[in-house]
A.B. asks: 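Let me begin by handing over the structure; questions about it come next.
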Amino acid sequence: MSNPSADYNGPERVFSGVQPTGALHLGNYLGALKKFVALQESHDCIFCVVDLHAITIPQDPKTLADNTRKITAAFLAAGLDPKRAILFVQSAVKAHSELAWIFNCSARMGWLERMTQFKDKAGKDKERASVGLFDYPVLQAADILAYKATHVPVGEDQKQHLELSRDIAERFNRDYNAPRFFPLPEPLIKGPGARIMSLKDGTKKMSKSDASDLSRINLEDDADTIARKIKKARTDPEPIPHSPGELKGRDGAANLVGIYAALAEVSDQDVLDEYAGQGFGIFKSALTELLVQAITPIGEELTRVNADPAHIDAVLKDGAERANAIAAPIIDEVRQTIGFWGA
Ligand code: AMP
Ligand code: TRP
């Protein structure tokens, strides 16, 4: 991977986060987890369950604690190795909150006002949204830069937040006359799977919060459930086309072709070469088979890992210590750079 900012010369480091707000789905897997698992082979990786982000909207304490363990279990079940990658919970490492405050003073209101995720989540009643929801992307920048992470694997929906992280890093470096202090983190978004859409509506992204369970494949779904959901997935009466250009305007069809390509690790064109001219029947059976192969072993592993909360807690405790050991000296440097007493 290329160096994220030509003149930053620190080590390459990967960071990403997932919110503990419900069961993970195929979009999370293809957009994030699958990439995490590949990256742990080549890079120093830090993966975080972002509970501070979760409380930007109200959470029930017991459910938050359960979901935090569940996301950790999903990290493990998907194949992350806690000896290699650091797996931990955001609120267990104080650097995140401290750096977020400092970055609040570098970020500009105008930058945050442009964030589409805030507009979507706050909806019409912006006045009643929490200040935390507005500030969400600043905390995200702090997550990444507390480790001077250089590369951030995420789905397409996080692109704008990553651009903001780069703006904040650049602004801090300039404001404190500390050139090259923070890297400008590079998003790793490309590739099939970056934007998986709802199975019911190919214009909406697959999401944990969609009211219809038929809109998504959950990592916990068994083979029959997957088969049923794919059978019901929205397509159209036209046959499968010969070129990706012809999928324009056929959102449901394009989504299924994209999912197939991401799972088989081939291009959309390769998928079309195999199925062009046919209806969706045979294609949907083949897609179901691929999904069952990829997803059900993770679901089974999830059940096994979830049954051992003491193991999950041990992983998180060790992860928090290792994460803190990286972040604490960086925060000390930040304190010195700003001129805080005692630093
Ligand atoms: P979240 O569950 O919102 O914390 O998202 C966790 C990760 O999954 C982030 O990197 C998201 O960009 C990614 N992600 C969420 N939904 C999708 C989707 N429908 N397609 C691809 N990636 C997604
Ligand atoms: N905002 C991300 C999401 O909703 C989660 C997240 C929080 C994150 N902090 C991060 C992702 C840092 C990458 C890096 O999906």
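Ligands are counted one by one from 1 in listed order, and the atoms in each one are counted from 1 as well. All figures in this text were calculated on a predicted structure; none of them were measured in a lab.
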A.B. asks: Which atoms from ligand 1 have a heavy atom of Gly31 less than 4.0 Å away?
C.D. replies: 21 (C), 22 (N)

A.B. asks: At a 4.0 Å threshold, what atoms of ligand 2 neighbour a non-hydrogen atom of Ser16?
C.D. replies: 11 (C), 13 (C), 14 (C)

A.B. asks: Quick one: does ligand 2 sit under 4.0 Å from the side chain of Val154, the backbone, both or neither, non-hydrogen atoms only?
C.D. replies: side chain

A.B. asks: Measuring from atom CG of Asp135 to atom CD of Gln140, what distance do you get when rounded to the nearest 0.5 angstrom?
C.D. replies: 11.5 Å

A.B. asks: Any N or O of Gly27 that comes nearer than 3.5 Å to an N or O of ligand 1?
C.D. replies: yes

A.B. asks: One thing to verify: whether Arg166 and Glu186 come together as a salt bridge, which I'm taking to mean a side-chain N less than 4.0 angstrom from a carboxylate O.
C.D. replies: yes

A.B. asks: Quick test: of every protein heavy atom, which one is nearest to atom 10 (C) of ligand 2, and how far off is it to 0.1 Å?
C.D. replies: Gln140 CG, 3.4 Å

A.B. asks: Who gets closest to atom 5 (C) of ligand 2 by heavy atom: Ala32, Ala142, Gly17?
C.D. replies: Gly17

A.B. asks: Can you list the ligand 2 atoms lying under 4.0 Å from a non-hydrogen atom of Val152?
C.D. replies: 13 (C), 14 (C)

A.B. asks: Relative to the heavy atoms of Ala32, which atoms of ligand 1 are at a distance of less than 4.0 Å?
C.D. replies: 7 (C), 8 (O), 10 (O)

A.B. asks: Write out the residue and atom name of the closest protein heavy atom to atom 21 (C) of ligand 1, then the distance separating them to 0.1 Å.
C.D. replies: Ala194 O, 3.2 Å

A.B. asks: Closer than 4.0 Å to some heavy atom of Gln19 - which atoms of ligand 2 meet that?
C.D. replies: 4 (O)

A.B. asks: Quick one: look up the protein heavy atom nearest atom 9 (N) of ligand 2 and list residue, atom name and how far away it is.
C.D. replies: Asp143 OD2, 2.7 Å

A.B. asks: Is any N or O atom of Leu24, backbone or side chain, closer than 3.5 Å to an N or O atom of ligand 1?
C.D. replies: no

A.B. asks: Charged N to carboxylate O below 4.0 Å: is that the case for Glu301 and Arg304?
C.D. replies: yes

A.B. asks: Just jot down the ligand 1 atoms closer than 4.0 angstrom to any heavy atom of Gln158, in number order.
C.D. replies: 12 (O)

A.B. asks: Met197 to ligand 1: N or O pair under 3.5 Å?
C.D. replies: no

A.B. asks: Could you tell me whether Lys200 atom NZ has more than 12 heavy atoms of other residues or ligands within 6.0 Å of it?
C.D. replies: yes

A.B. asks: Do Arg234 and Asp251 meet the salt-bridge criterion of a basic N to acidic O distance under 4.0 Å?
C.D. replies: no

A.B. asks: State whether Asp318 and Arg322 are salt-bridged, where the test is any N-O pair (Lys NZ or Arg NE/NH1/NH2 against Asp/Glu carboxylate O) under 4.0 Å.
C.D. replies: yes

A.B. asks: Would a distance-only check, ignoring hydrogens and angles, find a side-chain to backbone donor-acceptor pair under 3.5 Å from Arg216 to Ser207?
C.D. replies: yes

A.B. asks: Under a 4.0 Å N-O cut-off, is there an ion pair linking Lys148 with Glu333?
C.D. replies: yes

A.B. asks: Need the ligand 2 atom indices (1-based, order shown) with element for anything under 4.0 Å from a heavy-atom of Val50.
C.D. replies: 7 (C), 9 (N)

A.B. asks: Tell me whether Asn28 contacts the main-chain N or O of His25 through its side chain, where contact means a donor paired with an acceptor under 3.5 Å.
C.D. replies: yes

A.B. asks: Parallel, tilted or perpendicular: which fits the ring planes of Phe172 and Phe182, with parallel below 30° and perpendicular above 60°?
C.D. replies: perpendicular

A.B. asks: Measure the distance from atom 15 (C) of ligand 1 to every protein heavy atom, then report the residue, atom name and distance (to 0.1 Å) of the closest one.
C.D. replies: Asn28 ND2, 3.3 Å

A.B. asks: Atom 15 (O) of ligand 2: which protein heavy atom is closest, and how many Å away?
C.D. replies: Gln158 NE2, 3.5 Å

A.B. asks: Can you list the ligand 2 atoms lying under 4.0 Å from a non-hydrogen atom of His53?
C.D. replies: 7 (C), 9 (N)

A.B. asks: In terms of residue, atom name and distance, what is the protein heavy atom nearest to atom 4 (O) of ligand 2?
C.D. replies: Tyr136 OH, 2.9 Å

A.B. asks: Looking at Asp221 and Lys229, does any basic side-chain N land under 4.0 Å from a carboxylate oxygen?
C.D. replies: yes

A.B. asks: Using a 4.0 Å heavy-atom cut-off, which part of His25 comes near ligand 1: side chain, backbone, both, or neither?
C.D. replies: side chain

A.B. asks: Measure Asp157 to ligand 2 on non-hydrogen atoms and call it side chain, backbone, both or neither using the 4.0 Å cut-off.
C.D. replies: neither

A.B. asks: With a sphere of 6.0 Å drawn around NZ of Lys94, does it hold more than 12 non-hydrogen atoms of other residues, nucleotides or ligands?
C.D. replies: no

A.B. asks: May I ask you to decide whether Glu265 forms a salt bridge with Lys34, counting only side-chain N to carboxylate O separations under 4.0 Å?
C.D. replies: yes

A.B. asks: Give me the ring orientation class for His96 and Tyr147: parallel if the planes are under 30° apart, tilted from 30 to 60°, perpendicular past 60°.
C.D. replies: tilted

A.B. asks: At less than 4.0 angstrom from any non-hydrogen atom of Gly193, what atoms of ligand 1 do you find?
C.D. replies: 21 (C)

A.B. asks: When you measure from the heavy atoms of Asp157 to every atom of ligand 1, does any distance fall below 4.0 Å?
C.D. replies: yes

A.B. asks: Is Ser16 near ligand 1, meaning one of its heavy atoms is under 4.0 Å from it?
C.D. replies: no

A.B. asks: Answer yes or no: is there an ion pair linking Asp66 with Lys62, defined by an N-O contact shorter than 4.0 Å?
C.D. replies: yes

A.B. asks: Is there any N or O on Gln19 that sits under 3.5 Å from an N or O of ligand 1?
C.D. replies: yes

A.B. asks: By number and element, which atoms of ligand 1 are closer than 4.0 Å to a non-hydrogen atom of Arg195?
C.D. replies: 20 (N), 21 (C)

A.B. asks: Could you pull out, from Val154, Leu26, Ile196, the option with a heavy atom nearest to atom 18 (C) of ligand 1?
C.D. replies: Ile196

